[in-house]
Number of protein chains: 2
Amino acid sequence: MSTQEEDETLAEAFWSVSRTLRHRSHESISPLGITPAQARAIGVLRRHGRMRISSLSDHLRIAPRSGTEVVDALQVRGLVLRSPDPDDRRATLVTLSSQGEEIAEAVRKARAAEAEQFFDRLDEADRRELARIIGLLRRPDTQQP
Amino acid sequence: MSTQEEDETLAEAFWSVSRTLRHRSHESISPLGITPAQARAIGVLRRHGRMRISSLSDHLRIAPRSGTEVVDALQVRGLVLRSPDPDDRRATLVTLSSQGEEIAEAVRKARAAEAEQFFDRLDEADRRELARIIGLLRRPDTQQP
DNA sequence: GCCTCATAGTGAGGTAACCTCACTAAATAT
DNA sequence: ATATTTAGTGAGGTTACCTCACTATGAGGC
């Protein structure tokens, strides 16, 4: 088996695990009545606090237009509030409402519990090792384009 | 930082890397003119050979109706062929056409090259370690529901 | 053999999660 | 002052699923 094939197999394994993780994560927040994309946005807002919609889109790595959409959906549900940016009249700020903060905390808890259950099959050393390796993979790609 | 929080962070890191991998994988096959879902189906057919649409759906872990759809799309492009199952007149068999097999091989190559480039930042020991740990995570969940 | 239930595939209709393009208004650079 | 860039969003589109319902067929039980 060549290196390429090993790496493809590794990629497939990676994908398979991440798919399972994604599915379980989705189910863990489903009772809260929000979708995965909304949960992601809520997570960014919880960590970052008030921010521009464009910044939210950057964090989520989606198109600005899609950022608008997820904020729309959350606003309809009363989970976020929009306000004009005093520093730039083109821009809009978005922040979690108090209800949104409650949901955000519930999301965080549900996700954490699910993740703990998922990774529970690894011992402490393996978890640390996995975190280390994943950290390497997360670095900006040093390969030339 | 509690164990739950560490695990949630690990899950997020996992998701972040898998998102990158997914995006790069998508780009690597984009020149072939097929979508990620189609590529997945092609991959299963390449490995498994002729099979029922229901089985394909099982392998892909999608609803049977969605299996029908991806086969429809591939059939329109001449990449798969449908035939009745001689053992069960309710069932339909699907297999790659010769053109489909060429595309399947191209997909495999593109993906492998991309995966090699992605994991190239890890040394051999880390790759093996990662594969070992991922293998643990891939096992059926031994936790009681 | 007959009946009931399960299975296989698919038509119809739907949602979620993105995307691009185009536009207006505002900010920045020259 | 003018040209270019930026921020948000309307309009329209694609992809990748999903559920429900239906027909035809197969399996199991009596």
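Residue numbers start from 1 in every chain, and the chains themselves are labelled A, B, ... in the order their sequence lines are given, proteins ahead of strands.
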**Item:** Non-hydrogen side-chain atoms of A:Ile133 and B:Phe119 separated by less than 4.5 Å
**Value:** no
**Message:** Please list, in numerical order, the residues of residues 83-96 of chain B that have a heavy atom closer than 4.0 Å to any atom of DNA chain D.
**Reply:** B:Asp88, B:Arg89, B:Arg90
**Prompt:** Which whole-number value in Å describes the distance from B:Leu74 CG to C:dT10 C1'?
**Reply:** 16 Å
**Request:** Mind running a 4.0 Å heavy-atom check of residues 58-71 of chain B against DNA chain D and sending the residues that fall below it, in number order?
**Result:** B:Ile62, B:Ala63, B:Arg65, B:Ser66, B:Glu69
**Asked** Using 4.0 Å as the upper bound for N to carboxylate O, is an ion pair formed by A:Arg111 and A:Glu114?
**Response** no
**same_hphob_cluster(A:Leu60, A:Ile53) at 4.5 Å side-chain heavy-atom cutoff** = yes
**Request:** Provide the closest heavy-atom pair for A:Leu45 versus A:Leu56 in the form atom of the first, atom of the second, distance.
**Result:** CG-CD1, 4.2 Å
**Request:** Give the rounded distance in Å between these two atoms: NE2 of A:His23 and C1' of D:dA16.
**Result:** 14 Å
**Message:** Between B:Arg24 and B:Glu27, does any NZ, NE, NH1 or NH2 come within less than 4.0 Å of an OD or OE carboxylate oxygen?
**Reply:** no
**Request:** Flag the pair B:Asp126 and B:Arg121 as a salt bridge only when some basic side-chain nitrogen lies within less than 4.0 angstrom of an acidic carboxylate oxygen.
**Result:** no
**Prompt:** Looking at A:Thr35, does any N or O in its side chain come under 4.0 Å of the phosphate oxygens OP1/OP2 on C:dA17?
**Reply:** yes
**side-chain hydrogen bond (donor to acceptor under 3.5 Å, both in side chains) evaluation trace for B:Arg50 with B:Ser83** = CA-CA 10 Å; B:Arg50 188 186 305 269; B:Ser83 58; 3.3 Å; yes
**Prompt:** Sequence neighbours excluded, which residues qualify as salt bridge (charged side-chain N to carboxylate O under 4.0 Å, His left out) partners of B:Asp58?
**Reply:** none
**Message:** To the nearest 10°, give me the bend of the helix from C:dG1-D:dC30 to C:dT30-D:dA1, comparing the axes of its five terminal pairs at either end.
**Reply:** 30°
**Request:** Output yes when A:Arg52 and A:Asp88 qualify as a salt bridge under the 4.0 Å nitrogen-oxygen rule, no when they do not.
**Result:** yes
**Message:** Please tell me if B:Arg40 has a side-chain N or O lying less than 4.0 Å from either OP1 or OP2 of D:dT15.
**Reply:** no
**Prompt:** Taking CD from A:Glu27 and P from C:dA16, how many angstroms apart are they, rounded to a whole number?
**Reply:** 17 Å
**Message:** Any side-chain N or O of A:Arg22 below 4.0 angstrom from OP1/OP2 of C:dA17?
**Reply:** no
**Request:** Please work out which residues in residues 41-57 of chain B have a non-hydrogen atom less than 4.0 Å from an atom of DNA chain C and list them by number.
**Result:** B:Arg52, B:Ile53, B:Ser54
**Request:** Compare every heavy atom of A:His26 with every heavy atom of A:Pro36, then report the nearest pair and how far apart it is.
**Result:** CG-CD2, 3.6 Å
Distance-only donor-acceptor hits, side chain of residues 67-74 of chain B, under 3.5 Å, sequence neighbours excluded:
| from | atom 1 | to | atom 2 | distance (Å) |
| --- | --- | --- | --- | --- |
| B:Thr68 | OG1 | B:Pro64 | O | 3.3 |
| B:Asp72 | OD1 | B:Arg82 | NH1 | 2.9 |
| B:Asp72 | OD1 | B:Arg82 | NH2 | 2.9 |

**Message:** Show, in sequence, the C-alpha distance, side-chain angles and deciding distance for B:Arg40 and B:Val107, and conclude whether the side-chain contact (heavy atoms from CB on, under 4.5 Å) test is met.
**Reply:** CA-CA 10 Å; B:Arg40 285 212 299 137; B:Val107 167; over 6 Å; no
**Complete:** Whole-Å distance, B:Ile34 CD1 to D:dT14 C1', equals 16 Å
**Asked** Does A:Glu12 pair with B:Arg47 as a salt bridge, N-O distance under 4.0 Å?
**Response** yes
